[in-house]
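Following: one structure in structure tokens, then a few remarks.
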2 protein chains.
Amino acid sequence: MSLLKEKILQVASDLFQTRGINSTGVDTIVAVAGTTKMTLYKHFHSKEGLIIEVLNEHYRHFHAWLSERLDRKKPAERLQKLFDFIEEWVSSPDFHGMAFLKASAEFPDASSPIHELSNTHSQQFRRYLAELAADAGIADAEGLALQLSLLIEGAMQAEQIKRGSGAIVYAKKAANILIKSSLR
Amino acid sequence: MSLLKEKILQVASDLFQTRGINSTGVDTIVAVAGTTKMTLYKHFHSKEGLIIEVLNEHYRHFHAWLSERLDRKKPAERLQKLFDFIEEWVSSPDFHGMAFLKASAEFPDASSPIHELSNTHSQQFRRYLAELAADAGIADAEGLALQLSLLIEGAMQAEQIKRGSGAIVYAKKAANILIKSSLR
DNA sequence: CAAAATATATACCGCACAGTATAGTCTACT
DNA sequence: AGTAGACTATACTGTGCGGTATATATTTTG
């Protein structure tokens with residue numbers, strides 16, 4: 001991947017997170033990235049295409065970051081450690097909300113490619129949680145995964161509305177109760 | 001309140017929910033409402049002022065709808081019935097996500113008046129849940145309220161990304177476990 | 001009836017938007 | 001040396017945006 005393309009992706013990701021997607025024009029993106037619109041449109045066929053690549057990159061990065069850490073734990077412990085890493089993720093000063101959650105709010109039309117991609121990422125995350133739950137020996141892995149995803153996405157939303165809300169700590173406590181309840 | 005002002009508020013609320021706030025122009029609003037921009041700007045000093053009134057109206061309506069139903073129940077039962085009404089609320093065909101959650105995604109800057117209002121509504125909702133929990137005799141009412149708010153807001157988000165996701169059913173089950181665990 | 005408030009119609013301003021056209025520059029490889 | 005590919009500079013198109021100016025019509029109220 002071209003250096004400039006990576007730079008554009010990274011700048012666009014930053015601006016989308018801090019100013020919103022619809023509120024960020026391509027002129028701003030190329031100005032901050034130190035390039036021109038001609039170059040941007042050689043790498044991306046449209047702004048929508050750029051948004052989709054940014055969202056994919058964001059989710060890929062999140063999933064790689066998380067699974068890399070959890071893979072080092074024993075399968076039975078992964079569900080327990082999950083919320084520690086989520087807490088670490090949302091506590092980063094660079095955290096400005098989960099990209100696919102915010103994108104679905106900015107593109108509410110269900111037939112929009114961007115909204116569809118949000119749904120895809122949401123399902124991928126849930127499926128990953130279900131794998132973790134299954135590895136931990138949970139019978140209703142899908143059910144618990146859905147409940148944990150509600151807690152995590154709710155906490156991410158809360159932290160996006162107000163930094164330092166402390167929502168993750170309570171989400172973790174709730175998750176532990178739900179996990180314990182699923183085990184017996 | 002003027003009939004036309006109410007009409008503008010209702011039309012703007014609809015369009016904001018279905019197309020997004022930033023993607024909805026004032027020209028569209030007045031065209032659908034069957035009036036003109038001059039009239040709109042007599043009732044609202046700016047688009048931002050209109051957005052704020054729409055958000056306030058939306059939260060006011062939600063809270064009135066919910067508390068009206070819960071007030072008819074005995075205090076000790078209210079927490080149990082809460083998720084039944086939330087389920088009814090999000091299952092309405094008119095449901096397109098919780099307004100203050102989506103607004104915070106479209107206006108990510110924490111110093112934006114709209115983002116601040118989102119935070120206010122989020123706190124108001126949490127405080128209301130804490131009252132319900134206290135009425136039900138929960139010791140750590142604030143803690144449980146925060147956890148329940150994560151489940152509810154997570155489920156609303158899930159239902160906004162994909163209608164008919166069934167997230168609320170699982171949120172309800174999780175809530176019952178958390179409530180039971182808080183009581184003992 | 002007269003005055004005052006309220007709503008309309010229409011045209012306009014300046015700006016930002018996504019996207020394109022044209023022409024020129026730089027670098028790298030053969 | 002020469003050519004191809006990547007990048008830049010700049011100007012442009014057309015559309016939609018938030019918001020205003022002006023002037024007229026309709027309704028309400030004293």
Side-chain angles (χ1 to χ4, degrees), chain A residues 1-56 102-103 105-109 111-115 117, chain B residues 1-57 102-103 105-109 111-117:
Chain A
M1 180 149 56
S2 151
L3 277 176
L4 260 160
K5 180 168 183 181
E6 279 188 70
K7 178 78 179 173
I8 292 171
L9 274 174
Q10 169 231 310
V11 166
S13 180
D14 278 4
L15 292 174
F16 288 165
Q17 291 282 7
T18 54
R19 304 187 190 186
I21 299 175
N22 283 320
S23 307
T24 303
V26 289
D27 299 87
T28 309
I29 294 170
V30 298
V32 175
T35 181
T36 65
K37 279 206 275 191
M38 285 312 301
T39 305
L40 187 149
Y41 279 102
K42 284 229 172 78
H43 288 298
F44 309 92
H45 36 328
S46 66
K47 187 188 178 183
E48 182 175 276
L50 170 61
I51 296 169
I52 285 173
E53 289 208 42
V54 166
L55 289 178
N56 275 325
K102 297 169 79 176
E106 289 212 57
F107 298 86
D109 181 2
S111 68
S112 149
I114 296 171
H115 191 99
L117 184 62
Chain B
M1 180 154 51
S2 153
L3 277 178
L4 261 160
K5 179 168 185 181
E6 279 188 69
K7 179 78 180 172
I8 291 172
L9 274 175
Q10 169 230 312
V11 166
S13 179
D14 278 4
L15 292 174
F16 289 165
Q17 292 282 10
T18 54
R19 303 187 189 185
I21 298 175
N22 283 319
S23 308
T24 302
V26 289
D27 298 87
T28 309
I29 294 170
V30 297
V32 175
T35 180
T36 65
K37 281 207 274 191
M38 283 312 303
T39 306
L40 187 150
Y41 281 101
K42 285 232 171 77
H43 290 297
F44 310 92
H45 35 332
S46 66
K47 188 188 178 184
E48 183 175 277
L50 169 62
I51 296 169
I52 285 174
E53 288 208 41
V54 166
L55 289 178
N56 274 327
E57 197 60 23
K102 299 170 76 177
E106 290 213 57
F107 299 85
D109 182 2
S111 67
S112 150
I114 296 171
H115 192 99
E116 286 178 359
L117 184 62

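Letters go in sequence order (proteins before strands), and every chain restarts at 1.
- No option in B:Thr24, B:Val54, B:Ile21 other than B:Thr24 meets the side-chain contact (heavy atoms from CB on, under 4.5 Å) test with B:Leu15.
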Full working for side chain to side chain contact (heavy atoms under 4.5 Å, CB included) between B:Asp27 and B:Lys37: CA-CA 7 Å; B:Asp27 298 87; B:Lys37 281 207 274 191; 3.3 Å; yes
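- One can place OH of B:Tyr41 at 14 Å from C1' of D:dA21, the figure rounded to the nearest angstrom.
- The side-chain heavy atoms of A:Glu53 and A:His43, taken from C-beta on, include no pair separated by under 4.5 Å.
- In this structure, the side chain of A:Lys47 does not engage the main chain of A:Val26 through any donor-acceptor pair within 3.5 Å.
- Contacts between residues 7-33 of chain A and DNA chain C, defined by a heavy-atom separation under 4.0 Å, are made by A:Thr24, A:Gly25, A:Val26.
- Taking atom CD1 of B:Ile51 as the reference point, atom C1' of D:dC17 lies 13 Å away to the nearest angstrom.
- A 4.5 Å side-chain heavy-atom check between B:Ile29 and B:Leu50 finds at least one atom pair inside the cut-off.
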Under 4.0 Å protein heavy-atom contacts per nucleotide of nucleotides 7-13 of chain D, with B for base, S for backbone only and - for none: BBBB---
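- The shortest non-hydrogen separation linking A:Glu106 to B:Ala105 is OE2-O, 4.0 Å.
- Here C:dC17 presents its P atom at 8 Å from NZ of A:Lys47, a figure rounded to the nearest Å.
- Counting only distance, with no hydrogens or angles, the side chain of B:Ser13 and the backbone of B:Leu9 share no donor-acceptor pair below 3.5 Å.
- Atoms CG and CD1, from B:Asn22 and B:Ile51 in turn, are 7.0 Å apart once rounded to the nearest 0.5 Å.
- Look at NE2 on A:His45: it is 16 Å from P on C:dA18, rounded to the nearest Å.
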